[in-house]
**Student:** 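Before anything else, here's the structure in question.
First the proteins, then the strands, lettered A, B, ... as listed; each starts at 1. Only this structure's heavy atoms are used, side chains among them; waters, hydrogens and symmetry mates stay out.
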Protein chains: 2
Amino acid sequence: MKKGLTLRDLGEDRSVDALVAGLPEDAAVQVGPGDDCAVIGGDDDPLWQLLKTDCVLEGRHFASDTAPQSVGWKAMARVISDFAAMGGLPKHALVTLAIAPDRELAYAKGLYDGLAKVADAFGVAIVGGETASSPGPLFLSIAMTGTVEPDRCVLRSGGQPGDVLFVTGRLGGSLKSGRHLRFTPRVREARWLTEHFEVHAMMDLSDGLGADLPRLARASHVGFEIEGNGIPCNRGVSMDEAISDGEDYELLFAIPPEGARNLQDRWATHFPELRLSRIGRLMSVEHSSTMELPGGYDHFN
Amino acid sequence: MKKGLTLRDLGEDRSVDALVAGLPEDAAVQVGPGDDCAVIGGDDDPLWQLLKTDCVLEGRHFASDTAPQSVGWKAMARVISDFAAMGGLPKHALVTLAIAPDRELAYAKGLYDGLAKVADAFGVAIVGGETASSPGPLFLSIAMTGTVEPDRCVLRSGGQPGDVLFVTGRLGGSLKSGRHLRFTPRVREARWLTEHFEVHAMMDLSDGLGADLPRLARASHVGFEIEGNGIPCNRGVSMDEAISDGEDYELLFAIPPEGARNLQDRWATHFPELRLSRIGRLMSVEHSSTMELPGGYDHFN
């Protein structure tokens with residue numbers, strides 16, 4: 001029998017598009033699948049609810065000998081980073097752990113220590129979860145709720161031609177250096193941005209700029225161009241690696257050009273420890289650069 | 001090196017107790033880990049939010065050759081059943097799927113067809129999720145939000161000595177018969193109960209009465225006794241199997257004795273298709289029966 005099209009054949013983005021097509025919706029869903037968080041709320045509500053789930057898998061997102069505290073930190077920090085990307089605040093978390101029954105309790109407690117540490121640092125309460133016995137690789141999934149003011153909620157899809165693109169921090173080498181296990185979600189920075197600036201579009205960089213920037217551009221129905229030497233690389237990391245390594249958990253965002261200079265000045269005063277780099281511009285699709293970015297990370301390839 | 005205490009050594013309930021001890025909390029958490037759902041809300045809020053996550057794992061909760069539509073139905077119906085157990089209504093779901101990349105897209109779409117079918121039947125919108133490539137067994141986790149009126153929110157912990165215990169439907173043989181893949185969460189029945197009766201404690205039966213009833217009694221700081229012939233068994237199922245098989249997803253609840261007779265009469269009129277059985281009573285711990293129930297299902301053993 002001929003085998004049908006596999007998930008690998010189709011790749012991650014197109015597989016997900018195919019799976020979520022035609023799902024039941026409801027009137028309170030402002031944003032469904034496809035952004036960093038789902039957004040729930042009515043047009044007159046003072047706060048909207050944000051929902052997000054994400055997971056880490058042994059052997060893929062962390063090595064088997066990684067300290068469990070670091071695994072816990074990473075699993076929850078990834079999700080908190082998605083709330084930053086919406087301009088929101090995380091609130092309540094559910095933890096799903098699939099783990100072999102012969103693992104030591106001390107290991108599982110180490111996971112929870114890491115989860116609790118980052119939860120505590122960002123004001124998140126862990127309110128429940130599920131623990132399943134599994135013979136497979138360890139799997140840790142975090143579902144989280146949060147809130148955002150409707151006028152500060154930033155989607156991927158609001159980018160406009162002419163917007164200036166910025167990224168926080170430096171990119172690349174996250175796995176090699178171990179930064180992927182101890183990064184700080186940019187909640188404070190994103191809240192400051194949405195309080196003081198008109199941010200048209202924002203996302204966090206998890207699969208690498210080479211995969212994520214085209215997603216933001218596609219969601220906004222615009223093209224983009226990268227400015228020469230604009231991409232801030234971590235020490236010892238090539239430009240190609242900075243673009244394709246992934247797991248940076250820095251913010252990528254677009255603001256109108258009239259705010260760009262003012263932002264750079266004020267940023268340096270508020271966040272002297274964290275670099276902010278202007279990396280390019282959004283533009284209309286027909287004027288878009290034909291330059292291809294290296295691909296970034298596809299979870300099915 | 002001597003190996004430390006494992007999760008299997010400790011068993012499921014005590015492992016989970018050990019893991020969730022001392023987690024960060026916040027003032028809006030009415031109920032944290034340990035009930036069917038977490039409950040979030042302030043004392044004056046007109047609605048409380050319910051949160052729940054649950055998962056199914058290939059080879060444990062379903063066989064590898066199970067139709068994907070049935071797997072999807074089961075994964076989401078289990079979670080909806082927990083909202084029934086609180087007296088609440090499910091609203092929005094996030095889907096996490098860990099799946100081998102060489103699975104066919106048609107299989108994954110089958111899973112989503114099952115998810116969408118039960119979601120649609122219970123007014124749930126699927127608003128997002130995560131799809132990860134995994135070499136291990138297929139893992140499908142559903143996180144869900146919902147709502148409940150504060151005066152209709154039923155916990156496991158409200159049972160009082162003298163309360164009469166009821167279960168809906170019949171128990172046992174769920175895996176053998178395939179009922180675990182096509183059960184109907186008792187949302188409609190639970191909403192009717194909390195509208196018309198003072199329900200002191202409620203939960204859904206997922207691990208078998210033998211594991212779940214002692215959990216309800218422990219949470220309520222009471223004992224219990226089972227009435228002779230009170231437990232409704234499915235056809236071809238022994239009493240021991242009815243008590244210990246699990247995966248029934250029927251409701252177990254406790255109401256004051258003065259409501260019990262009235263309930264039985266009105267139930268028969270409203271839900272003529274679904275049996276309601278009085279199975280026993282809650283009582284003070286010191287007067288509790290010493291009868292041991294067969295164990296039910298422990299996920300780590």
**Student:** Between A/D54, A/V20, A/V31, A/L97, which residue shows the highest count of heavy-atom pairs closer than 4.5 Å to chain B?
**Tutor:**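 The option with the most such pairs is A/D54.
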**Student:** Counting heavy-atom pairs under 4.5 Å to chain B, which of A/V95, A/L51, A/L115 comes out on top?
**Tutor:**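 Of A/V95, A/L51, A/L115, A/L51 has the most heavy-atom pairs under 4.5 Å with chain B.
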**Student:** Is any side-chain heavy atom of B/L252 closer than 4.5 Å to one of B/M202?
**Tutor:**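 Side-chain contact under 4.5 Å: no.
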**Student:** Below 4.5 Å, heavy-atom pairs only: which of B/T145, B/D113, B/I126 has the largest tally toward chain A?
**Tutor:**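 Counting heavy-atom pairs under 4.5 Å, the top option is B/I126.
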**Student:** Sort A/V124 into side chain, backbone, both or neither according to what part of it lies under 4.5 angstrom from a heavy atom of chain B.
**Tutor:**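 Just the backbone, heavy atoms under 4.5 Å.
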**Student:** Does a side-chain heavy-atom distance below 4.5 Å link A/D204 with A/D82?
**Tutor:**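 The answer is yes; the side chains approach within 4.5 Å.
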**Student:** Which one wins on heavy-atom pair count under 4.5 Å against chain A: B/A119, B/P33, B/A116?
**Tutor:**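 That would be B/P33.
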**Student:** If you tally heavy-atom pairs under 4.5 Å against chain B, which of A/R103, A/K109, A/K91 wins?
**Tutor:**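 Answer, by heavy-atom pair count under 4.5 Å with chain B: A/R103.
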**Student:** Does B/R215 come within less than 4.0 Å of B/D212, counting only side-chain N to carboxylate O?
**Tutor:**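 Looking at B/D212 together with B/R215, the answer is yes, because their closest N to O distance falls below 4.0 Å.
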**Student:** Write down the atom of B/T96, the atom of A/S141, and the distance for their closest heavy-atom approach.
**Tutor:**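 Between these two residues, the closest heavy atoms are OG1-OG, 3.9 Å.
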**Student:** Less than 4.5 Å apart, side chain to side chain, heavy atoms only: is that true for B/M86 and B/V39?
**Tutor:**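 A side-chain contact under 4.5 Å exists here.
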**Student:** Would you call B/R191-B/E149 a salt bridge at under 4.0 Å N-O?
**Tutor:**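 Salt bridge: yes.
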**Student:** Where does A/L19 contact chain B at under 4.5 Å (heavy atoms): side chain, backbone, both or neither?
**Tutor:**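 Contact with chain B involves both backbone and side-chain atoms of A/L19.
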**Student:** Answer with side chain, backbone, both or neither: which region of A/Q49 has an atom nearer than 4.5 Å to a non-hydrogen atom of chain B?
**Tutor:**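 For A/Q49, the side chain is the part near chain B, not the backbone.
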